[in-house]
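The structure appears right after this line, and notes come after that.
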Amino acid sequence: MKLVTRLFITTSLLLAVAVGGSIVAADRLLRRYLQEEIAHGLEREARLVAMLLPGDSLAWPEAARALGQQIGHRVTLIDPTGKVRGDTEFDRAALPQLENHLMRPEVQRAIGGGGGAGGAGIGRDERLSASTNERRLYVAVRGGPPGLAVVRVSTTLAAVDDQVGRVQRAVALAGLAALLAAALVGWLLSREVARPLLQLAGAARAIAAGEPPSFPQSRAPEVAQHILALRAMHEELDQRFTELRRERAETATLIETMADGVLAADARGGIVTLNTAARRLLGYGPADHLPPLAELFHDKPARELVDAILSGREAEPVDLALDNRALLIAGRALPNGGALLVIRDVTELRRLETVRRDFVANVSHELKTPLTSIAGYAETLATEVGTGTQSERFAQTILSNARRMQRLVDDLLDLSRIESGGWQPVPEPVDIATVARETWAPFADRARDRRIDFTVTFAPPGNGATLAADPDALRQILTNLFDNALRYTPAGGRIVVTAGPTAGGTLLSVSDNGSGITGQHLPRVFERFYRADPARSRDQGGTGLGLAIVKHLVEAHGGWVEAHSAPGQGTTIRMVFPQPGGLL
């Protein structure tokens, strides 16, 4: 409903209520006032008639007619029995036919002395006349000549009705005029208020549609404030949209120029963003239509990655072989329920890794034989020369470095064999305590000389534990960890092996109370050749590959490994072997 219509209807209803109330008030108040004035006049006339009546009752009919004609009202003379003895509107012959007036209300009040509204000896009543059939006002006054009980004067109320009707018609005409004025006011208000508001709504729709708006003008302060507010909002939105469009163009250009493929999908899996690199890596042309994200890949690892991301879960990157290319796919869930995938071509990287592994394996294998010969000759020289001579010191140095290089070559060969996938664990039930103590045996003499205590504990305590793992791999893991722990644990220290159940498998940890590792080195301790203390590690014969071998062996079982350490508080290496590598 339009504003002008609402204004007109509201004003009309208010005026109608006001006019109706005025009409009702005029009908009640004015009618009551006029009837009261007429009643007082009739009372005075009735008393005057009572005084002017002759004492002879036979003359009363003519006197009633004469006096009634003079005062212009109907005069009725009633005796104590209620018989009409004279009436202005009836002659002497018709009086006997009139009904008895003793029970008329005004006569009863006048005779009874109650007086009613007029006082003692006065009675009033308003009703339809039985003889004239019109609404009349009767005023009866007790008194008159002997033999007469009541003098009653009455008049029709048609004049009152007519006067009240004129007033009501005047009020109704005034209400109609006010209604027309309200229509005019509503029309004027619509020009001042409604039209700018409609134009303001049109400007808002234009802003929402991205079109240039046309702002109205208004002299109404309230509407003018809304216009100014909308204008300021439009300027602010236009500035922000310009900034967003610029940032969106920059982002689109950045994504399009990326060498990695970028693919974004909505919550239903429909692809909404795709750069050229992604099309190229996935084997689609510029105009080819891509299927939904859930149907984009056929390899199980990639499909599981997509399902996890669309479900809002985190997922590790997966490798995908496609058209003789090696792709690495990583993804994450978007706040709106969609998914973002980044596809990287790692073909060259994988080729270089293969070349590196092959080179390391080949070089290590080629070095193994000459190093064995060097170590053998050095050992022979050391035994043949005299003890304490300079030749003996040279031979021992050659032998020590040859053996160190042999350990390095052996570790490189082991690491290369694990990384290349040429070795796979063969899990079988292994008693953790037995393997731990067997692995510790070669280190027992070194630990005894330095008073280092070695213990194996289980959680919950009191029970042995069996781990499903490759026995040789587990021994190699513990060998590397024990060797590291002995190097960095001071005399009188301790090394503790702990095993126990954890979420999804078994937790195996090796702890010491040695020098510990600072926070800056801790994230990199599992990298090959990385040493937190290079000088000390080199002096003690470390190769820098022990923890890297541990990490790869644990991950080959499907588990994970982490290091916890603090300077001066020792180091703990925690390894989790998943099911079925749980406690048996």
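Just so we're clear, the structure is a prediction, and the values are computed from it rather than from any experiment. Throughout, residue positions are numbered sequentially from 1 according to the sequence presented.
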* Using modelled atom types only, decide if a donor and an acceptor are shared between the side chain of Thr506 and the backbone of Gly500 within a distance under 3.5 Å. => no
* Side chain proximity check, Val49 to Val141, heavy atoms < 4.5 angstrom -> no
* **Flag side-chain contact, heavy atom, 4.5 Å: Leu157 against Gln35** => yes
* Please tell me if the side chains of Leu282 and Ile343 come closer than 4.5 Å, counting only heavy atoms from C-beta onward. => yes
* To do: Look at Arg332 together with Glu314 and state whether they make a salt bridge at an N to O cut-off of under 4.0 Å.
  => no
* To do: Supply the atom-to-atom distance Arg574 CZ to Thr498 OG1, rounded to the nearest 0.5 angstrom.
  => 10.0 Å
* Asked: Less than 4.0 Å between a side-chain N and a carboxylate O, is that true for Arg92 and Glu62?
  -> yes
* To do: Start with the C-alpha gap between Leu237 and His234, add the side-chain angles, then the distance that decides, and say whether side chain to side chain contact (heavy atoms under 4.5 Å, CB included) holds.
  => CA-CA 5 Å; Leu237 287 177; His234 170 253; 5.8 Å; no
* Asked: Would you call Glu235 and Arg231 a salt bridge, using N to O less than 4.0 angstrom?
  -> no
* Take Arg325 and Asp345 through the side chain to side chain contact (heavy atoms under 4.5 Å, CB included) test and state the conclusion after the steps. => CA-CA 7 Å; Arg325 288 196 304 269; Asp345 189 350; 3.6 Å; yes
* Asked: Do you know which two heavy atoms are closest between Arg303 and Ala294, and how far apart they sit?
  -> NH1-O, 3.6 Å
* Asked: Out of curiosity, Glu106 CD to Ile111 CD1, how far, rounded to the nearest 0.5 Å?
  -> 10.0 Å
* For Trp60 and Leu77, indicate whether the former's side chain and the latter's backbone hold a donor-acceptor pair under 3.5 Å. => no
* To do: Answer yes or no: are there more than 12 heavy-atom neighbours, outside Arg240 itself, under 6.0 Å from its atom CZ?
  => no
* Asked: Between Ile122 and Arg142, is any pair of side-chain heavy atoms under 4.5 Å apart?
  -> no
* To do: Check for a donor-acceptor pair, side chain of Arg279 on one end and backbone N or O of Gly285 on the other, with a separation under 3.5 Å.
  => yes
* Asked: Between CD1 of Ile38 and CD of Glu43, what distance do you get to the nearest 0.5 Å?
  -> 14.0 Å
* Atom OG1 in Thr81, atom NE2 in His101: separation rounded to 0.5 Å? -> 12.0 Å
* Does atom CE of Met233 have more than 12 heavy-atom neighbours, drawn from other residues, nucleotides or ligands, at distances under 6.0 Å? -> yes
* **Spatial distance of atom NE2 (His40) from atom CD (Glu37) [nearest 0.5 Å]** => 6.5 Å
* Side chain to side chain, Leu53 and Leu67, heavy atoms closer than 4.5 Å -> yes
* Evaluate the criterion side chain to side chain contact (heavy atoms under 4.5 Å, CB included) for residue pair Val153 and Ile71; output intermediate values, then yes/no. => CA-CA 10 Å; Val153 180; Ile71 63 178; 4.3 Å; yes
* Cationic tip of Arg124 within the cone over Tyr138's six-membered ring, i.e. under 6.0 Å and within 45° of the normal? -> no
* Salt bridge between Arg313 and Glu304, side-chain N to carboxylate O under 4.0 Å? -> no
* To do: Using a 4.5 Å cut-off on heavy atoms from C-beta on, say whether the side chain of Leu263 contacts that of Leu340.
  => no
* Within 6.0 Å of CD in Glu316, more than 12 heavy atoms from elsewhere -> no
* Between Arg32 and Glu36, is there a salt bridge with N-O shorter than 4.0 Å? -> no
* To do: Side-chain contact test, heavy atoms from C-beta onward, threshold under 4.5 Å: evaluate it for Thr155 versus Arg74 and give yes or no.
  => no
* Distance, nearest 0.5 Å, that separates CG of Leu305 from CG of Leu341 -> 6.0 Å
* Asked: Glu562 and His564: side-chain donor and acceptor closer than 3.5 Å?
  -> yes
* Asked: Does Leu507 offer a backbone N or O that forms a donor-acceptor pair with the side chain of Thr502 under 3.5 Å?
  -> no
* Asked: So which heavy atom on Gly312 is nearest to which on Ala333, and how close?
  -> CA-CB, 4.0 Å
* Of the non-hydrogen atoms in Met258 and Ala277, which two are nearest, and what is the gap between them? -> O-CB, 3.6 Å
* **Test side chain to side chain contact (heavy atoms under 4.5 Å, CB included) applied to Leu95 and Asp87, step by step** => CA-CA 8 Å; Leu95 292 177; Asp87 193 298; 4.0 Å; yes
* Please examine the side chains of Val306 and Phe297, heavy atoms only from C-beta on, and report whether any two atoms are closer than 4.5 Å. => yes
* **Exercise: identify the closest heavy-atom pair between His73 and Ser154** => CB-O, 3.4 Å
* Structure fact -> Tightest non-hydrogen contact, residues Asn275 and Gly261, listed as OD1-CA, 3.6 Å
* Ignoring hydrogens and angles, tell me if any N or O in the side chain of Arg246 forms a donor-acceptor pair with the backbone of Phe241 under 3.5 Å. => no
* Heavy-atom closest pair, residues Ala50 and Pro145 -> O-CD, 4.1 Å
